[in-house]
Amino acid sequence: MKRYIVGGAVRDRLLGRPVNDRDWVVVGSTPEAMLAAGYTPVGRDFPVFLHPQTHEEHALARTERKSGRGYHGFVFQAAPDVTIEQDLARRDLTINAIAEDPDTGALIDPFHGQADLQRRVLRHVSDAFVEDPVRLLRIARFAARFADFAVAPETMALMRRIVAAGEVDALVPERVWQELSRGLMEARPDRMLTVLRDSGALARLLPEVDRLWGVPQPAAHHPEIDTGLHLLMVLQACARLQAPLTVRYACLCHDLGKGTTPPQEWPRHIAHEARSVKLANAVSDRWRVPADCRELAELAAREHGNIHRSGALDAAALVRLFERCDAWRRPQRFGELLQACECDARGRLGLEERPYLPRPRLQQALEAALAADVAAAAAAAVAAGHRGPAIGKAVQQAREQALRDLGLAT
């Protein structure tokens with residue numbers, strides 16, 4: 001029995017990046033031998049065990065063979081005679097197909113992954129790459145993580161083959177969302193979209209997003225003009241502002257309605273917000289997006305224009321905005337909405353560093369409205385004989401007055 005460190009831990013160490021988790025491959029063993037050595041079995045589809053002390057994952061060396069469409073269409077064989085080189089051959093990229101002997105520090109690199117690390121290239125290990133459509137998503141995610149790496153032309157050709165063969169259409173929603181969400185949280189989430197678009201996969205997975213390229217916007221508000229380019233710049237702003245996943249997903253979906261504007265109406269996009277809401281919800285349904293991301297995406301699609309123009313709103317209009325956003329009950333989510341709007345405003349050519357004034361102003365206004373003594377206002381209304389909607393009106397007026405008292409609205 002021989003253990004090797006494999007995959008991302010080896011790659012990241014060679015790149016000088018932090019190594020948080022180590023994965024291991026075990027050669028020359030059996031499930032029975034692993035159990036006898038005190039390992040705990042955790043693998044459902046193939047033999048994976050947890051080390052008795054470190055609890056790090058140890059997988060038996062295995063080979064795999066395509067047996068059907070999609071991510072699950074594989075047959076695995078784990079046996080004591082499977083070599084480390086054979087196990088590395090089933091991996092997606094050369095930079096992930098390097099093993100390290102923990103006893104000597106020697107590297108096993110049959111597919112020249114170290115050379116590709118030096119060249120900054122994302123290259124497939126073998127033509128078996130086309131058998132697993134998830135690998136296409138993983139490459140897009142790695143492009144978002146390693147901003148100075150390029151996809152090898154021959155690898156991009158295989159990615160296009162995967163799309164043309166319909167393999168991307170067989171991906172299950174949970175796996176797609178897992179890769180998309182991880183890619184959105186990388187240092188350059190815009191590169192994930194660029195790679196997916198270059199391969200043709202964006203049109204299959206996110207046609208609502210793919211349609212944005214080639215759609216013009218008014219140059220006075222969007223010097224970058226192209227809506228697809230604007231989206232890439234918004235995602236770059238998300239990364240600069242270290243936005244959470246909810247905000248990044250909301251930004252991905254905020255302008256989808258512009259892709260359905262009739263060309264004769266370009267570059268204006270009247271009522272695109274309502275169309276964006278429907279399309280954002282369709283994307284969330286398709287990939288079973290978590291509720292917190294889905295809700296913020298719908299909110300940003302509907303309200304981002306109103307927030308951009310909020311400087312012109314009077315106190316009553318501001319209170320109505322807060323009510324539509326459920327800001328009284330969910331002020332933290334409203335704060336995320338403001339961050340998404342800031343990313344939208346700063347995702348524009350030449351305006352990347354321009355201060356976004358609506359965010360601090362609306363945050364201050366919400367705090368003031370929340371601090372209004374609405375209980376006293378309601379009690380006074382009841383004492384005056386008012387009922388039902390009249391009490392609600394009194395509460396609303398108290399919040400409006402709190403904004404006027406601080407000079408935040410007229």
Side-chain angles (χ1 to χ4, degrees), residues 180-182 184-187 189-190 230-231 233-256 273 276-277 280-281 283-284 289-348 351-374 395-396 398-409:
L180 286 178
S181 60
R182 293 175 72 181
L184 285 173
M185 289 306 296
E186 297 290 0
D190 58 298
H230 168 58
L231 175 57
M233 296 183 71
V234 171
L235 291 177
Q236 291 171 12
C238 287
R240 289 197 305 273
L241 296 178
Q242 298 181 319
L245 176 61
T246 47
V247 170
R248 298 188 190 208
Y249 180 70
C251 286
L252 178 70
C253 298
H254 80 286
D255 263 350
L256 296 181
E273 294 89 352
S276 295
V277 168
N281 286 337
V283 172
S284 297
V289 174
D292 57 344
C293 290
R294 177 195 180 104
E295 291 170 1
L296 189 65
E298 179 178 343
L299 205 56
R302 190 182 75 223
E303 299 291 351
H304 67 275
N306 293 325
I307 288 174
H308 291 332
R309 298 185 294 269
S310 62
L313 300 181
D314 61 16
L318 282 179
V319 169
R320 290 195 298 271
L321 171 65
F322 294 146
E323 288 175 346
R324 289 197 306 274
C325 296
D326 198 16
W328 314 130
R329 294 192 313 119
R330 305 184 68 176
Q332 180 179 351
R333 188 181 69 174
F334 187 77
E336 292 183 349
L337 174 62
L338 294 180
Q339 187 177 40
C341 291
E342 179 172 2
C343 293
D344 177 29
R346 293 174 64 176
R348 309 183 189 207
L351 306 179
E352 294 89 344
E353 301 303 324
R354 185 175 68 174
Y356 184 63
L357 299 181
R359 184 179 180 185
R361 177 177 177 271
L362 287 177
Q363 194 70 60
Q364 184 182 8
L366 177 59
E367 292 170 0
L370 284 170
D373 193 349
V374 295
V395 168
Q396 179 179 337
R399 286 169 169 155
E400 293 172 8
Q401 190 59 47
L403 298 179
R404 296 189 191 98
D405 290 344
L406 289 179
L408 296 172

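This is a predicted model, so every value here is computed, not measured.
Interatomic distance, R248 CZ to C293 SG, rounded to the nearest 0.5 Å: 11.5 Å. Here R348 contributes atom CZ and M233 contributes atom CE; the two are 10.0 Å apart, rounded to the nearest 0.5 Å.
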For residues 314-323, tabulate all N or O donor-acceptor pairs below 3.5 Å that involve a side-chain atom, not counting sequence neighbours.
unit_1 : atom_1 : unit_2 : atom_2 : d
D314   : OD1    : A316   : N      : 3.3
D314   : OD1    : A317   : N      : 2.8

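Between the H308 side chain and the G305 main chain, no donor and acceptor come within less than 3.5 Å of each other.
Applying the side-chain contact (heavy atoms from CB on, under 4.5 Å) criterion to V395, with sequence neighbours excluded, gives V374, A378, R399. Legend: residues meeting side chain to side chain donor-acceptor pair (under 3.5 Å) with Q401, ordered by chain and number and at least two apart, are R404, D405. For P290, the side-chain contact (heavy atoms from CB on, under 4.5 Å) partners are W177, D292, not counting sequence neighbours. For E298, the side chain to side chain donor-acceptor pair (under 3.5 Å) test picks out no residue, with sequence neighbours left out. Under the salt bridge (charged side-chain N to carboxylate O under 4.0 Å, His left out) criterion, R329 pairs with D326, sequence neighbours left out. For R294, the side chain to side chain donor-acceptor pair (under 3.5 Å) partners at least two apart in sequence or on another chain are D285. The side-chain contact (heavy atoms from CB on, under 4.5 Å) search around L241 returns Q339, E342, C343, R346, not counting sequence neighbours. Listed by chain and residue number, L408 satisfy the side-chain contact (heavy atoms from CB on, under 4.5 Å) test with Q364 (two or more places apart in sequence, or in another chain). Residues that satisfy the side chain to side chain donor-acceptor pair (under 3.5 Å) test with E273, not counting sequence neighbours, are absent from this structure.
Applying the salt bridge (Lys or Arg N to Asp or Glu O under 4.0 Å) definition to pairs two or more places apart or across chains, those involving residues 331-341 are E295-R333.
Tested against Y249 for a side-chain contact (heavy atoms from CB on, under 4.5 Å), the candidates C238, P244, S284, S181 yield a single pass: S284.
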Audit row: R302, L299, side-chain contact (heavy atoms from CB on, under 4.5 Å) steps and yes/no:
CA-CA 5 Å; R302 190 182 75 223; L299 205 56; 3.2 Å; yes
List the steps and the verdict of side-chain contact (heavy atoms from CB on, under 4.5 Å) for Q363 and R359.
CA-CA 6 Å; Q363 194 70 60; R359 184 179 180 185; 5.5 Å; no
